[in-house]
Amino acid sequence: MSERRYDPKTIEPKWQEVWEREHTWEVSNEPDGRKKSYVLEMLPYPSGEPHIGHLKNYALGDAMAHFHRRTGHQVLHPMGYDAFGLPAENNAIKTGVHPREATNQSIAAFRHWFHRWGISIDWSREIASHDPAYYRWTQWIFLRMFERGLAYRKEAAVNWCPNDQTVLANEQVIDGRCERCGAVVEVRQLEQWFFRITDYADRLLDDLDKIDWPRHVKIMQRNWIGRSAGAQVVFRCEELEIDYPVFTTRPDTLFGATFFVMAPEHPDVFKLVAGTEHEHEVHEYVNRVLSESFEDRGAAEKPKTGVPLGRTVTNPVNGEQIPMYVSDYVLMEYGTGAIMAVPAHDERDFAFAQRFGLEIRRVVGTDEELPYTGDGPMTNSSSLFDGMDNRRAYEAIVHWLELEAKGSPSVNYRLRDWLLSRQRYWGCPIPVVYCERDGIVAVPDEDLPVDLPEIEDFQPKGRSPLAAATDWVNTSCPRCGGPARRETDTMDTFVDSSWYFLRYCDADNDEAPWDRAVIDRWMPVDQYIGGVEHAILHLMYARFFVKALADMGLLGVQEPFQALFTQGMILGPDGHKMSKSQGNVISPAPIVDRFGADAARAYVLFIGPPDQDAAWSDTGVEGVERFLARLWRLGDALAHEPEGAQPRAAEPPPAPEGSSLFLVRKANWAIEKVTRDMTGRFAFNTAIAAIMELVNEVYRHLDADLDARRFAIATAASLVFPFAPHLGAEVYEMLTGERVWEKPWPAPDPAMLQSDSFQLVCQINGKVRDRVEAPTGAPREELERLCREAPNVRAHLDGHEVVKVIVVPDKLVNLVVR
RNA sequence: GCGGGCGUGGCGAAAUCGGUAGACGCGCCGGCUUUAGGUGCCGGUGGGCUAACGCCCUUGGGGGUUCAAGUCCCUCCGCCCGCACCA
């Protein structure tokens, strides 16, 4: 055999086989006395092969899982696939390959790479959302929602993607464009299925305080829910004898309301304008606005437009008749679809008033420039309130409105109900039928799953391709037995991923989605890891599902993910987001082939703080590979040194001195450092740096005793295991004959964390002037004396008077001189 | 516009509690090993001045608090992310 060298190509398959053969990472649902820990990375959407972001995601999660196992936890670390979705279907339209076939192929590729990366997954719990054994329970959960009115059908103005030929949830529209394909979204009036997530708005908001999530993700969710407290106030149109309630967050400005505006979609607009001189103009205006895209209408900067309705309403606080308008800056979906306009204290109303020459009446403040949205004394309102602080007047006015039955406190949310139906094929069928006699009827539980039928033409035609599967569509009503048609829309794939973490707990259960006792044991997920792009969609929906299921008594937790970590992206070598068109895509496959899975994994963790974006560097991964090879060589050399050739426990020598003592100390320092970096924070980059330091020191102290070197290298192997598991296992075994993952995480020896002496920093006026060796724990006087005696300090002290001495024990002395 | 984050060597970064700025890695320079290249090992590497001991400057700019500031406060500039007619 030629010269021995670090060869991941033999080491990695060797350990992967052991773990597979022995089912090492499988975990029982039976408690075994250890604390449970549920470590989960967001499940992948299987499309093609895994990319570098997947590698980072699972390398991160795996490091956490290993660390938790070795710190005494029973760890659940499963894997699955978010297998339904548009890309596979669009691919089918293009290539004719059935979405199932393409998806299954991709799943096989992902599975293959997870093995080759050596991710410690409990494969006995593997799931895929397109598997009837899984989506049966997605449908089951839908029915439970339906029974409680949490899933309902209604006609509404919805977002329609003309390219994907389907409706989209509010959350899937970004800047007026389809999140997936980028087409400009249209507004359509359609009957669709919704989840009543708005019922949970307050709880989704309040419970954010209970979970350990990044601040910015919580803020994004808070903003998305958009809770506003204010009042509902009734304005009456006397001519038509209709009351129009409006929502306002500023009831204190009611006396400044000088006009009234309705959304173009408001159902009463045509009724109000009928018979007035503006009738024709209003019809034209409304039609034009409704045909405008989301994008065109949305811009805040565009000049205000609108048309008078030729009617007035009465301001309830002062009886004034104020003119009514229709304008597209008022949204039908928020509040009541009508507003009171206070131009002096609202920028939008101000712009509208200027454009249409309407009165702008200050009611708050004194001489601030208008529009003024701040606080101040009330004015021009009523003798009751003028002079009063506007915040106090707010309360008083709401109170008065309540007494007069003209208004009441009210809360509004930006959050809308979750539109879940999609007019597409490759998704979970919605388990209801439409019966001529009984209307919407749920498919009974025992008939689940409603199978996704086979079809040939995936081309969308403005209705679900499933509608063409007539044999499947035509069925009988479960209630009356008469003819009925199946629902042909499928579910948004976010429904599938809103509960998958629950299914992992009890993946084989075919009696129920899960057993309550089992789920109570594992939930919540202790550490969730994924990309920040899911900050709103998936993370909000999953929280909603868990709360709804908890309300049904199916779960005992209110939150799915106790702690969340959002990883940064790996950018291309040019520092830009990887994309095929940019030609800067780094694929993990050749990297793993060339450097090994351990080097690839350790590199993406070493590249920088894991929550930050970082550019890929080929020389960077080479550097990490070099480090792993150095560690391997030291292990190999020690395992072949005549005296150390027999594997045995790697204990530090009893009374080390010199280089040996130094190495034992360094190893203990590394244990302490790596442990601290992995606990509470995710500083894998500095943890790996510490192991590098340890390895470097062994090279520099080859004169140390064999046992000291063995201890240092076995420690390095043990510490590197969560990041480079194959190499860690290999080196540890070479030295000790033992399996590192079965060994507890090392604990530092406190006696070895401290040295007898330290470098005392000697400062004068805060500037470092010298450094001297000083005994650890020396009293302040002695430190001061040592500092004063330091050669360069003496030189600087010459002729100066010391007016103050600051001593930081075991660290520094600062002499303040004049 | 509102909200959040960030700004440190040639590059990725570290400094966790206000106490030695630049750990670790990349790159670069030099040495040893090698027939040579590569690999490997050792050393050097923020800027300026100096023969040297050393000295001065340096964490986006300016100001402040402090014995001491990358870290705290004020202010300005730049970049990134989220939301954006939500009454």
Side-chain angles (χ1 to χ4, degrees), chain A residues 3 5 174-175 214-224 226-228 230 246-250 253 257 261 297-302 304 327-331 333-342 345-349 351-352 412-416 532-533 535-536 575 603 606-609 611-624 626-627 629-630 633 673 676-677 680-681 683 685-693 695-696 699-700 702 759-771 791-792 795-796 803-808 811-817:
Chain A
E3 188 199 351
R5 56 182 195 86
I174 310 292
D175 294 332
R215 199 154 72 118
H216 66 281
V217 176
K218 289 190 184 183
I219 288 169
M220 279 202 255
Q221 291 217 348
R222 280 200 190 96
N223 290 344
W224 190 262
R227 184 182 198 274
S228 300
V246 300
F247 173 72
T248 178
T249 54
R250 295 292 304 275
T253 64
V261 191
R297 183 170 165 185
E301 309 81 35
K302 82 167 188 176
K304 294 282 176 283
S327 173
D328 64 358
Y329 83 93
V330 176
L331 309 173
E333 314 89 79
Y334 188 76
T336 61
I339 62 155
M340 68 175 208
V342 184
H345 305 289
D346 181 282
E347 282 169 27
R348 298 150 299 178
D349 298 344
F352 191 90
N412 259 270
Y413 302 91
R414 214 190 78 113
L415 183 70
R416 310 281 149 79
V532 74
E533 64 273 17
I536 293 168
Y603 173 62
F606 179 68
I607 193 169
D611 56 338
Q612 230 171 76
D613 293 351
W616 179 268
S617 149
D618 276 333
T619 51
V621 70
E622 282 169 27
V624 169
R626 213 152 27 229
F627 152 66
R630 278 160 67 82
R633 274 197 305 274
K673 168 77 176 154
R676 201 152 34 91
D677 283 350
R681 52 186 227 154
N685 54 331
T686 50
I688 292 169
I691 307 168
M692 287 174 170
E693 281 192 57
V695 170
N696 289 343
Y699 272 94
R700 289 179 198 133
L702 293 174
Q759 288 257 308
L760 177 69
V761 173
C762 307
Q763 294 182 336
I764 292 175
N765 288 345
K767 281 192 194 304
V768 180
R769 290 305 179 193
D770 216 335
R771 295 180 176 88
N792 201 40
H796 278 84
V803 292
K804 193 170 179 184
V805 180
I806 313 284
V807 180
V808 182
K811 198 143 232 166
L812 65 78
V813 173
N814 186 16
L815 305 176
V816 185
V817 305

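Order of the sequence lines sets the chain letters (A, B, ...), proteins ahead of strands, with each chain counted from 1.
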Can you tell me if A/H796 touches the phosphate of B/rC55, counting only side-chain N or O atoms and a distance under 4.0 Å to OP1 or OP2?
yes

Could you pull out all residues at least two apart from A/V330 that satisfy side chain to side chain contact (heavy atoms under 4.5 Å, CB included)?
A/V261, A/A263, A/I339

Under 4.0 Å between a side-chain N or O of A/R222 and OP1 or OP2 of B/rC83?
no

State which of B/rG40, B/rC56, B/rA87 makes the closest approach to the side chain of A/Y334.
B/rA87

Is A/R5 near enough to B/rG40 that one of its side-chain N or O atoms lies under 4.0 angstrom from OP1 or OP2?
no

Can a side chain N or O of A/Y699 be found less than 4.0 Å away from OP1 or OP2 on B/rC42?
no

Close N/O contacts between protein and nucleotides 15-25 of chain B (under 3.5 Å):
residue : atom : partner : partner atom : Å
B/rA15  : OP1  : A/R681  : NH2          : 3.0
B/rU16  : N3   : A/R676  : NH1          : 2.9
B/rU16  : O4   : A/K673  : NZ           : 2.3
B/rU16  : O4   : A/D677  : OD1          : 3.0
B/rU20  : O2   : A/R771  : NE           : 2.4
B/rU20  : O2   : A/R771  : NH2          : 2.7
B/rA23  : O2'  : A/E693  : OE2          : 2.8
B/rG25  : OP1  : A/N696  : ND2          : 2.9

Base, sugar-phosphate or nothing for A/I339? Non-hydrogen atoms, less than 4.0 Å.
base

Quick one: is B/rG82 close enough that its OP1 or OP2 comes under 4.0 Å of any side-chain N or O from A/K218?
no

Hey, is the side chain of A/R769 poking within less than 4.0 Å of OP1 or OP2 on B/rC55, counting only N and O atoms?
yes

Residue set satisfying ring pair (Phe, Tyr, Trp, His ring centres under 6.0 Å) with A/Y329, at least two apart, ordered chain then number -> A/F352

So, using ring pair (Phe, Tyr, Trp, His ring centres under 6.0 Å) as the criterion, who are the partners of A/W616 when residues are at least two apart?
A/Y603

So, OP1 or OP2 of B/rG12: does either fall under 4.0 Å of a side-chain N or O from A/Q612?
no

For A/V246, answer base if it contacts any base atom (sugar-phosphate contacts may also be present), sugar-phosphate if it contacts only those atoms, and nothing otherwise; contact means non-hydrogen atoms under 4.0 Å.
nothing

Set of side chain to side chain donor-acceptor pair (under 3.5 Å) partners for A/R700, sequence neighbours left out
A/E697

Contacts of A/V532 that satisfy side chain to side chain contact (heavy atoms under 4.5 Å, CB included) - sequence neighbours left out
A/H216, A/V217, A/M220, A/A535, A/T566

Selected nucleotide, minimal atom distance to A/K767 side chain, candidates B/rC56, B/rG40, B/rA13
B/rC56

Pair A/R630-A/N696, side-chain hydrogen bond (donor to acceptor under 3.5 Å, both in side chains): steps then yes or no
CA-CA 9 Å; A/R630 278 160 67 82; A/N696 289 343; 2.9 Å; yes

Output the single nucleotide from B/rC83, B/rC55, B/rA87 whose closest atom is nearest the side chain of A/N792.
B/rC55

Is the phosphate of B/rA84 approached by A/N223 (side-chain N or O, under 4.0 Å from OP1 or OP2)?
no

